[in-house]
Amino acid sequence: MPHSFRLHTAVLALAGAGFLACSQAMAQMPPDIAEKIAAIGRVVAPEKTAEIYTPLQEKEPYAGIKVARDVKYGPDARNIVDIFTAEGATGARPVLMFVHGGGLIRGNKRPPGSAFYDNIMLWAARNGMVGVNVEYRLATAHPWPAGAQDMGAAVRHIAEHAAGLGADPAKIFLMGHSAGASHVTTYVSHPEFHGPKGSGLAGAIFSSTPAFDLTSEPPNEGRTAYYGSDPSKYAERSAAAGLIKTSIPFMMAVAELDPPSIYDQNVRMKDVLCKSEHGCVRAIVLPKHSHMSASYAINTADRLLTNQILEFVKMGK
């Protein structure tokens, strides 16, 4: 693991021109959970990770929360969102839209009987936001650029219906994890997928992004199914160049125990941004976390990631 990105007792937030240490008072991963996550290792293990975090999550019905399931935002069966709002909330609130992973070819915003990813929606609604859990089309039936197109359609739908949701259409934040982050980075970095009014985003959050630069990673089943088998198209379909040029604020997060290729992609992208005309962004490492635990821990006592998200939403950088 590169020394410049290694952390043990603190998260480092990259803001402005240098690193800033996060407060040690910030709630961190409990030692017993850290031991279990370490035993799983640097792999993508949703089932094993869910066994650890499910007992810590709320169960339906959710007290004080209104939930609208499977709201359509487009013509496809998977063009649906779940919307979480706090009962009795007043004023126009920021929106946190979350996009799940699944290797570009699988995944669900809420698998049957699962606590995930309602947990992220509950956290958003209980922290002054409207939570929107986004479903999207999958490869191989829907290859590039279906994911980015769905991001745009979902964002525009929420903006157009913001008044009825108690949401502020000028404060929509789009967060993606893993393959979901691939779609979010594509949307942010490719303005051709934005609507006539622009991206519609106040900011974006990339969590454990697998590949900012497709040309530097070997093909796998999901990548080939979505981005195609022609490597000559990978550069233009990558997010890296467009992220340097974009004016949309964004932050990056990666887990200390993410698979090495994902970790390395995030290190390189952080460094590229800092050396470019774009400049450094808020970039954090989550100590002791793994690829799945970073998302599954949201709405528990572990607030390493969520405190950073709240600051980003408040500050816009």
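Values reported hereafter were calculated over all heavy atoms of this structure, with side chains retained and with hydrogens, waters and symmetry mates removed.
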*Are Leu165 and Ile158 close enough, and set up right, to give a side chain to side chain contact (heavy atoms under 4.5 Å, CB included), and what steps lead you there?*
CA-CA 8 Å; Leu165 301 174; Ile158 295 302; 4.2 Å; yes

_If you count heavy atoms of other groups shown closer than 6.0 angstrom to NZ of Lys317, is the number above 12?_
no

*Any chance the side chains of Asn119 and Tyr53 put a donor and an acceptor closer than 3.5 Å?*
no

*Would you say the side-chain atoms of Gln265 pair up with the backbone N or O of Phe212, donor to acceptor, closer than 3.5 Å?*
yes

*Residue pairs passing the salt bridge (charged side-chain N to carboxylate O under 4.0 Å, His left out) test where at least one lies in residues 147-167, sequence neighbours excluded*: Arg137-Asp150

*Residue pair His278, Phe250: steps toward the ring-ring contact (aromatic ring centres under 6.0 Å, His included) verdict*: CA-CA 11 Å; His278 185 285; Phe250 62 87; 5.3 Å; yes

_Closest non-hydrogen atom pair between Pro210 and Ala179, with its separation_ = CG-N, 4.1 Å

*Thr185 side chain to Ala181 backbone, donor-acceptor under 3.5 Å*: yes

*Give, for atom CH2 of Trp123 and atom OH of Tyr117, the distance between the pair rounded to the nearest 0.5 Å.*
16.0 Å

_Chi angles and distances behind the side chain to side chain contact (heavy atoms under 4.5 Å, CB included) call for Met175, Val134_ = CA-CA 10 Å; Met175 174 181 179; Val134 182; over 6 Å; no

*Do Arg282 and Glu311 pass the side chain to side chain contact (heavy atoms under 4.5 Å, CB included) test, and can you show the C-alpha distance, the side-chain angles, and the key distance before you say yes or no?*
CA-CA 10 Å; Arg282 182 185 293 262; Glu311 282 190 18; 3.1 Å; yes

*Do the rings of Tyr226 and Trp144 sit parallel, tilted or perpendicular, given the 30° and 60° boundaries?*
perpendicular

*Of Val184, Leu174, Thr246, which is the lone residue that meets side chain to side chain contact (heavy atoms under 4.5 Å, CB included) with Leu201?*
Leu174

*List in chain and number order the residues that pass side chain to side chain donor-acceptor pair (under 3.5 Å) with His100, two or more places apart in sequence or in another chain; answer none if no residue qualifies.*
Glu135

*Counting only N and O atoms by type, is there a donor-acceptor contact under 3.5 Å from the side chain of Glu256 to the main-chain atoms of His289?*
no

_Least distance between heavy atoms, Ala34 atom then Lys288 atom_ = CB-CD, 3.9 Å

*asked:* Main chain of Ile298, side chain of Gln57: is a donor-acceptor contact present, judged purely on distance under 3.5 Å?
replied: yes

*asked:* Restricting to ring pair (Phe, Tyr, Trp, His ring centres under 6.0 Å), what partner residues turn up for Phe312, sequence neighbours left out?
replied: Phe173

*Could you pull out all residues at least two apart from Arg126 that satisfy salt bridge (Lys or Arg N to Asp or Glu O under 4.0 Å)?*
Glu58

*Tell me yes or no: between the side chains of Thr186 and His190, is some donor less than 3.5 Å from an acceptor?*
no

*Counting distance only, does the side-chain N/O of Arg42 pair as donor-acceptor with the main-chain N or O of Asp258 below 3.5 Å?*
yes

*Rounded to the nearest 0.5 Å, what separation is found between the OH atom of Tyr296 and the CE atom of Met292?*
3.5 Å

*How close do Met97 and Ile172 get, heavy atom to heavy atom, and via which atoms?*
SD-CG2, 3.6 Å

*Would you say the ring centroid of His183 lies under 6.0 angstrom from that of Phe193?*
no

*Determine, using the 4.5 Å side-chain heavy-atom cutoff (strictly less than), whether Val44 and Ile105 are members of one ILVMFWY cluster.*
no

*Could you state whether Leu214 and Ile244 fall into the same hydrophobic cluster, counting links through intermediate Ile, Leu, Val, Met, Phe, Trp or Tyr residues with side-chain heavy atoms under 4.5 angstrom apart?*
yes

*Out of curiosity, does Val43 fall in the hydrophobic cluster containing Ile33 (side-chain heavy atoms, cut-off under 4.5 Å, transitive links)?*
yes

*Measuring from Ser216:OG to Asp264:CG, what's the distance to the nearest 0.5 Å?*
9.5 Å

_Atom pair CG/CG of Asp118 and Asn299 - distance to nearest 0.5 Å_ = 10.0 Å

*Is there a donor-acceptor contact under 3.5 Å from the side chain of Lys72 to the main chain of Asp76?*
yes

*Does the side chain of Pro287 reach to within under 4.5 Å of the side chain of Leu304, using non-hydrogen atoms?*
yes

*When rounded to the nearest 0.5 angstrom, what distance separates OG1 in Thr209 from CD1 in Ile262?*
8.5 Å

_Common cluster, Leu56/Leu122, ILVMFWY with side-chain heavy-atom separation under 4.5 Å_ = yes

*Are Arg237 and Asp230 within salt-bridge range, i.e. N to O under 4.0 Å?*
no

_Whether Asp271 side chain and Arg268 backbone form a donor-acceptor pair below 3.5 Å_ = no

*Could you pull out all residues at least two apart from Tyr234 that satisfy side chain to side chain donor-acceptor pair (under 3.5 Å)?*
none

*Using ring pair (Phe, Tyr, Trp, His ring centres under 6.0 Å) as the criterion, list what pairs up with His194, not counting sequence neighbours.*
Tyr187

*Roughly how far, to the nearest 0.5 Å, is CD1 of Ile309 from CE of Met129?*
7.5 Å

_Cluster overlap Met29 with Ile40, hydrophobic side-chain contacts below 4.5 Å_ = yes

_Under 3.5 Å side-chain donor-acceptor pair for Asp302 and Thr300_ = no

*asked:* Set out, in order, the CA-CA distance, both residues' side-chain angles and the distance that settles side chain to side chain contact (heavy atoms under 4.5 Å, CB included) for Leu96 and Ile120, then state yes or no.
replied: CA-CA 9 Å; Leu96 181 68; Ile120 299 175; 4.2 Å; yes

*asked:* Between the side chains of Lys109 and Asp70, is the shortest nitrogen-to-carboxylate-oxygen separation below 4.0 Å, so that they form an ion pair?
replied: yes

